[in-house]
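Take a look at the structure below.
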Amino acid sequence: MLPLLLVLVLAVPLVMSTRKQKKQQAAQQDLQSSLAPGDRVMTTSGLYGTVADTSGDNTIDIEIAPGVVTTWLRLAVREKVEPVVETEEDSADDVETPAEEPSIIESSSGIKDDEPQTTAQVAPPLEHGKK
């Protein structure tokens, strides 16, 4: 009875992990076969781009910047991402506003404090060649 129990304890996790891997592989293959021009994707290296051409069997062309198209293996595509949608608030934030003048604060020591003061100490220079 004990050997049968040991086999079950070892076999069940092995079977479950194999099923999980097969599901992940099937999902990845579905993703790679469903890629179409215009899809926004992220590669396994973290690069975002837009699919430009999917005519190759093993390769795909991804536009990473306007006018810059690179060729990647289909396997390098990790996931589809939602396209970036610019709202009116985002475009209003892009307009530069004039910065306020920094105020000058006079401390109790009489020093004008218009820039942050640092308290770091500087190490003395090293002397080379002396023994």
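Each residue takes its place number in the sequence, starting with 1. Small disclaimer: the values here were computed from a predicted structure and weren't measured.
Of the inter-residue distances, the one linking T50 atom OG1 with D39 atom CG reads 9.0 Å to the nearest 0.5 angstrom. In this structure, CG in L75 is found 10.5 Å from CG in L31, a value given to the nearest 0.5 Å. Here L73 contributes atom CG and T59 contributes atom OG1; the two are 7.5 Å apart, rounded to the nearest 0.5 Å. Taking CD from E79 and OG1 from T43, the interatomic distance works out to 10.0 Å, rounded to the nearest 0.5 Å.
Each of M16, K22, Q21 was evaluated against R19; a single residue qualifies, M16, per the side-chain contact (heavy atoms from CB on, under 4.5 Å) test.
A continuous path of Ile, Leu, Val, Met, Phe, Trp and Tyr side chains, each step under 4.5 Å between heavy atoms, connects V51 with V68, placing both in one hydrophobic cluster. Under a hydrophobic clustering in which Ile, Leu, Val, Met, Phe, Trp and Tyr are joined whenever their side-chain heavy atoms come within less than 4.5 Å, directly or via other members, L35 and M42 fall into different clusters. Connection of L47 to I62 is established within a shared hydrophobic cluster, with ILVMFWY side chains joined at heavy-atom distances below 4.5 Å, either directly or through further cluster members. When hydrophobic clusters are built by joining Ile, Leu, Val, Met, Phe, Trp and Tyr residues whose side-chain heavy atoms come closer than 4.5 Å, directly or via intermediates, L14 is not grouped with L5.
No side-chain heavy atom of R74 sits less than 4.5 Å from a side-chain heavy atom of D57. Looking at heavy atoms from C-beta onward, Q32 lies in side-chain contact with Q28 at the 4.5 angstrom threshold. Within the 4.5 Å cutoff, the side chain of T54 has heavy atoms near those of the P37 side chain.
What you find for R78 and T44 is that their closest heavy atoms are NH2-O, 3.2 Å.
Residue-environment remark: CG (D30) exceeds the threshold of 12 foreign heavy atoms within 6.0 Å.
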